[in-house]
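As the structure lists them, so they are numbered: ligands from 1, and atoms in each ligand from 1. The first residue in the sequence is number 1, and the count goes up from there.
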Amino acid sequence: MQKKYIMEKTSKIYIAGHRGMVGSAILRTLQKEGFNNFVLRSSQELDLRNQQAVADFFQQEKPEYVFLAAAKVGGILANNTFRADFLYENLCIQNNVIHQCYVNGVKKMLFLGSSCIYPKLAPQPLKEEYLLSGFLESTNEPYAIAKIAGIKMCEAYRTQYNCNFISAMPTNLYGENDNYDLQKSHVLPALIRKFVEAKQENKPFVEVWGTGSPMREFLNAEDLGNACYFLMQNYDESEFINVGCGEEISIKNLALLVKELVDYKGELHWDTSKPDGTPRKLMDNSKLQKLGWTPKITLRDGIKAILESKFKIQAP
Ligand code: GFB
């Protein structure tokens, strides 16, 4: 049986990936809550793909609690193009960190995955029990396989070594410290950038990928940071847990929402040579809700906040 632990304000906490969108949101949440004993390393300081470097780091620092938010991530095109890198690098990072958490007696570790672990055509909303019940979406199969391996590692280390390792599966995310590279980013930062630039440069149309029909659910990274803190303090089960907001929107309506908030008057052009990906991936959030956690930031407010802070645009 795993021991239950609750982080104290002075507990030594390692956030792997603290400069990324998710890791930085976890760090902000914990800082606001008064935690003050962090051990942090940028990817330049510690290459998490390097087994020996990770082993040395854990032996030297001996963190008590670990949030594993470091990963190679990207949108549909990056996932589909750099298939080997997404599989290899994510497996390396999570193997090294999860194993060293065990070797060094970390009290509790939270592993972060993704909603792409579910079968492409799974019933909606996606319940945790649907894992491994069907074929994966091909554009992100390598990334999904790595994340499924991470879930299974946490389960196996719990069963064999009694480690208190838990896993959370967030839905599609956006927020502060997102990636705006148009070839590598996810859809929301790409659309925000495309519409802002098209308005500034008086372009007659904005190009949007795919058919616009896929449905996606979007959670603000700030809400996820908050959920990770909540789970670390309150969740000790072997089964991973979904983190979503329960609302979905089509890519077409998402593009129209960004267009409206940016006040862009031109047209939308659909580039159907680009893949649609999974038709739908709406998380079933009921397990987390029963525990008492709900998200706070609506999609509209979240996009408005980004337009204001990053692009200095006041949206209606
Ligand atoms: O966010 P996204 O790249 O990833 O794309 P996924 C979502 C949908 O938006 C797809 C469409 O149907 C895209 O074709 N889309 C429209 C665009 N315009 C654009 C654009 O300019 N850029 C991008 N990127 N998409 C990812 C997975 O899948 O979701 C990862 O590849 C991960 O593994 C992540 O799980 C959460 O939602 O399709």
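- Side-chain polar atoms of Asn226 and Thr29 form no donor-acceptor pair below 3.5 angstrom.
- Inclusion of Asn79 in the set of residues having an N or O under 3.5 Å from an N or O of ligand 1 is warranted.
- Interface atoms of ligand 1 facing Gly75, defined by a heavy-atom separation under 4.0 Å, are 3 (O), 31 (O).
- Under a 4.0 Å criterion applied to the non-hydrogen atoms of Ser185, ligand 1 contributes the atoms 24 (N).
- Checked against the 6.0 Å centroid criterion, the rings of Tyr102 and Phe165 do not qualify as a close aromatic pair.
- For the pair Ile76 and ligand 1, the shortest N or O to N or O distance falls below 3.5 Å.
- A donor atom on one side chain and an acceptor atom on the other are found under 3.5 Å apart for Asp276 and Thr211.
- By the 3.5 Å distance cut-off applied to N or O atoms, Val187 is counted among the residues near ligand 1.
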Open item on the list: I'd like to know whether Phe38 forms a ring-ring contact (aromatic ring centres under 6.0 Å, His included) with Tyr14, so could you lay out the CA-CA distance, the side-chain angles of the two residues, the decisive distance to 0.1 Å, and finally the verdict.
Closed with: CA-CA 6 Å; Phe38 298 103; Tyr14 171 47; over 10 Å; no

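- Here the shortest heavy-atom distance to atom 6 (P) of ligand 1, taken over His186, Lys274, Lys184, Arg216, belongs to Arg216.
- The closest donor-acceptor contact from the side chain of Tyr88 to the backbone of Arg83 lies at 3.5 Å or more, if one exists at all.
- Listed by number with element, the atoms of ligand 1 under 4.0 Å from a non-hydrogen atom of Cys116 are 33 (O), 35 (O).
- Atoms of ligand 1 lying under 4.0 Å from any heavy atom of Asp276, numbered from 1 in the order shown and given with element: 10 (C), 12 (O).
- Considering each of Lys194, Lys147, Met169, the one bringing a non-hydrogen atom nearest atom 21 (O) of ligand 1 is Lys194.
- Applying the side chain to side chain contact (heavy atoms under 4.5 Å, CB included) test between Tyr143 and each of Asn90, Leu136, Ile148 identifies Asn90 as the sole match.
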TODO: Verify side-chain hydrogen bond (donor to acceptor under 3.5 Å, both in side chains) between Lys152 and Tyr157, making sure each step is shown before the conclusion.
DONE: CA-CA 9 Å; Lys152 292 297 167 189; Tyr157 278 73; over 6 Å; no

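- Heavy-atom proximity to atom 18 (N) of ligand 1, evaluated over Tyr118, Trp209, Phe86, Phe218, is greatest for Trp209.
- Closest to atom 35 (O) of ligand 1, if we only count protein heavy atoms, is Ser114 OG, 2.8 Å.
- Taking only nitrogen or oxygen atoms, main chain and side chain alike, Ser115 does not reach within less than 3.5 Å of ligand 1.
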Task: CA sep, side-chain torsions, deciding dist, call: Phe240, Phe111, side-chain contact (heavy atoms from CB on, under 4.5 Å) - done: CA-CA 9 Å; Phe240 68 90; Phe111 170 70; over 6 Å; no

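- Protein heavy atom in closest approach to atom 28 (O) of ligand 1: Lys281 NZ, 3.5 Å.
- In this structure, Tyr118 has its ring center at least 6.0 angstrom away from the ring center of Tyr130.
- Atoms of ligand 1 found under 4.0 Å from any heavy atom of Pro275, numbered from 1 in the order shown, are 13 (C), 14 (O).
- Near Ala190, with a cut-off below 4.0 Å to any heavy atom, the atoms of ligand 1 are 20 (C), 21 (O), 22 (N).
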